[in-house]
Amino acid sequence: MQSPHIITELPGPNARAMIARDAEVISPSYPRDYPFVMARGRGTEVWDVDGNRFLDFAAGIAVCATGHAHPQVVAAVQQAAGEFLHISSDYWHERMIALAERLARLAPLGEPAMSFLCQSGTEAVEGAIKLARYVTGRPRFIGFLGGFHGRSMGSLSFTSSKYTQQKGFGQTMPGVTHVPFPDPYRPLFAGDDQGAAVLDYIAMLFERSVPAADVAAILIEPIQGEGGYIVPPPGFLAGLRALCDAHGMLLIFDEVQSGVGRTGRMFACEHDGVAPDIMCVAKGLGSGLPIGAVVARRKHMQQWARGAHGNTYGGNPIACAAAIATLDLVESDYAANAAEVGAHFMSRLRDLMADYPCIGDVRGRGLMIGMELVEADGAPAKALCDTVITRAFHNGLLLLSCGASTVRFMPPLSTTKDEIDEALALLRAALDEALA
Ligand code: PLP
């Protein structure tokens with residue numbers, strides 16, 4: 001079937017010229033899958049430098065929570081920029097305090113909270129693991145296979161969604177033991193409850209090779225992101241909480257991708273009703289302005305001595321202004337919208353499974369949805385996944401993959417039902433072309 005939305009030949013002449021310049025001066029390490037060169041965006045729509053329109057269902061890797069260039073966020077940024085661009089975290093300013101107050105109110109830690117502000121997800125994870133070591137005095141950690149937590153040396157020691165992330169970089173931070181993430185679609189263990197099996201596996205590790213009294217924390221994404229948009233089985237996060245409590249270790253939730261309304265609740269762990277000791281937030285928090293936060297129970301973070309941890313740009317006023325405006329919008333409208341249009345999207349994607357046997361699984365929460373593509377024998381259909389994503393681009397839909405062969409959908413939280421339906425038509429065309 002011919003796609004209904006072929007635009008021009010892609011990449012167009014302007015995009016081609018820019019990509020050629022980029023190849024001379026930009027690191028080739030960025031994992032770019034197709035030649036989209038951004039010119040401008042509004043909501044869920046983006047235009048490339050040749051004037052082609054696309055629906056952006058990647059949202060800058062789940063960052064543009066409020067859509068591109070939301071007027072309320074832009075106004076907040078402009079207002080802050082007109083006052084001062086930077087002062088450094090050696091001083092105080094109102095927006096930094098207001099953002100931390102807001103995070104303390106929203107973060108489901110079950111106790112008073114404090115924040116350390118930073119610029120990115122990886123920096124939030126670095127802060128969280130440093131805090132866990134600092135307050136427990138313990139050196140070791142448990143992480144999860146398939147996890148993604150960033151690419152600086154501390155967070156990289158947990159990151160394990162693809163071997164290429166570690167290959168060539170030698171030894172990372174010692175003391176991290178990876179265990180399987182419970183995957184109901186691709187069970188690794190016998191029995192129906194993969195969560196219980198992984199909890200047993202961790203308990204066995206504690207008995208045989210990793211002394212629980214040496215473990216500072218368990219670090220987990222409440223929904224595994226880069227690893228395949230995998231929702232852990234009910235009860236699993238509560239089981240981790242109980243393990244941590246039993247052994248005096250901390251529970252760290254990396255909500256960098258799943259937080260700030262993405263799953264239809266402010267934070268993904270709220271679906272399970274499990275409170276972490278420390279939470280990492282970034283991505284959607286600033287709607288595109290670089291900001292991250294380590295949000296921790298106050299009783300832990302207030303143990304940090306003066307100078308124990310710091311940075312130059314933490315609490316940057318413009319990033320804080322964007323974050324406050326983002327939280328206003330997500331709290332008032334967009335988390336609820338993500339729940340509503342996400343349910344609609346998920347049910348339409350599940351309908352597609354009847355027509356396309358190559359769709360093995362559709363899973364997720366809110367607007368964090370994965371569609372796993374499989375071969376006839378159920379094996380991950382990696383090449384098909386890549387082709388669907390390329391064809392979707394040519395039809396006017398920006399998508400990214402995750403896991404071995406999962407198409408992930410993470411549009412702005414402001415995306416409308418009509419835009420979901422338009423994306424579904426484009427996706428259908430991409431699937432038809434890929435399978436032709
Ligand atoms: N944690 C999670 C769950 C992520 O998905 C990511 C990025 O994709 C990170 C941490 C790292 O964030 P950043 O790329 O901002 O360093």
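- His271 and Thr263 share a donor-acceptor pair across their side chains, judged by distance under 3.5 Å alone.
- Scanning for side-chain contact (heavy atoms from CB on, under 4.5 Å) contacts around Thr390 gives His394, with sequence neighbours left out.
- At a threshold of 4.5 Å between non-hydrogen side-chain atoms, the residues Asp192 and Pro184 do not count as touching.
- Ion pairing between Arg32 and Asp22 holds under the 4.0 Å rule for side-chain N and carboxylate O.
- Between Asn311 and Glu123, the side chains place a donor N or O and an acceptor N or O closer than 3.5 Å (distance only, hydrogens not considered).
- When all heavy atoms of Ser157 and Thr172 are compared, the closest pair comes out as CB-OG1, 3.3 Å.
- The main-chain N or O of Leu145 is found under 3.5 Å from a side-chain atom of Gln224 such that the two form a donor-acceptor pair.
- For Arg21, the CZ atom is loosely surrounded, since the number of other residues' heavy atoms within 6.0 Å does not exceed 12.
- Without hydrogens or angle criteria, Lys283 side chain to Gly121 main chain gives no donor-acceptor distance under 3.5 Å.
- Here the closest heavy-atom approach between residue Ala65 and residue Thr326 is recorded as CB-CG2, 4.4 Å.
- With a 6.0 Å radius and a threshold of 12 heavy atoms from other residues, nucleotides or ligands, Tyr313 has its OH atom at or below the threshold.
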Lys162 and Glu226: CA distance, side-chain angles, deciding distance, salt bridge (Lys or Arg N to Asp or Glu O under 4.0 Å) verdict: CA-CA 9 Å; Lys162 289 191 179 71; Glu226 304 289 322; 5.5 Å; no
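- Between Ser405 and Glu372 there is a side-chain heavy-atom pair separated by less than 4.5 Å.
- Scanning all heavy atoms of the two residues, the minimum distance from Phe57 to Leu399 falls at CB-CD2, 3.8 Å.
- Taking both residues in full, the closest heavy atoms of Leu55 and Ala423 are given as CD1-N, 3.8 Å, listed atom of the first, atom of the second, then distance.
- Using modelled atom types, no side-chain atom of Glu111 and backbone atom of Arg298 make a donor-acceptor pair closer than 3.5 Å.
- Checking side-chain atoms of Asn337 against main-chain N and O of Thr415 turns up a donor-acceptor pair under 3.5 Å.
- In this structure a side-chain-to-backbone donor-acceptor pair under 3.5 Å is missing from Arg297 to Ala113.
- Side-chain N or O atoms of Arg391 include none that pairs as donor or acceptor with a backbone N or O of Leu431 at under 3.5 Å.
- Within the 4.5 Å cutoff, no side-chain heavy atoms of Phe189 are placed close to those of Pro182.
- Within the 3.5 Å criterion, the main-chain N or O of Leu188 finds a donor-acceptor partner in the side chain of Gln194.
- In this structure, the side chains of Cys385 and Val407 come closer than 4.5 Å at one or more pairs of heavy atoms.
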Which pairs of donor and acceptor atoms, one on a side chain in residues 207-222, lie under 3.5 Å apart (sequence neighbours left out)?
residue : atom : partner : partner atom : Å
Glu221  : OE1  : Gly225  : N            : 3.0
Glu221  : OE2  : Phe148  : N            : 3.0

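- Here His309 pairs with Phe116, Trp304 under the ring-ring contact (aromatic ring centres under 6.0 Å, His included) rule; sequence neighbours left out.
- Taking 4.5 Å as the limit, every side-chain heavy atom of Glu83 sits out of range of all side-chain heavy atoms of Glu94.
- The closest donor-acceptor contact from the side chain of Arg262 to the backbone of Gly366 lies at 3.5 Å or more, if one exists at all.
- Considering only heavy atoms from C-beta on, Arg102 comes within 4.5 Å of Glu331 through its side chain.
- Across all non-hydrogen atoms, the minimal contact from Ser152 to Glu126 is OG-OE2, 2.7 Å.
- Checked by atom type, the side-chain pair Ser258/Arg365 shows no donor-acceptor distance below 3.5 Å.
- Val295 is listed as a side-chain neighbour of Ser115, based on a closest heavy-atom distance under 4.5 Å.
- Looking at heavy atoms from C-beta onward, Leu427 lies in side-chain contact with Leu352 at the 4.5 angstrom threshold.
- Checking side-chain atoms of Glu24 against main-chain N and O of Ala20 turns up no donor-acceptor pair under 3.5 Å.
- You'll find the ring centres of Tyr91 and Phe84 outside the 6.0 Å limit.
- Side chain of Asp277 to backbone of Leu251: a donor-acceptor contact under 3.5 angstrom is found.
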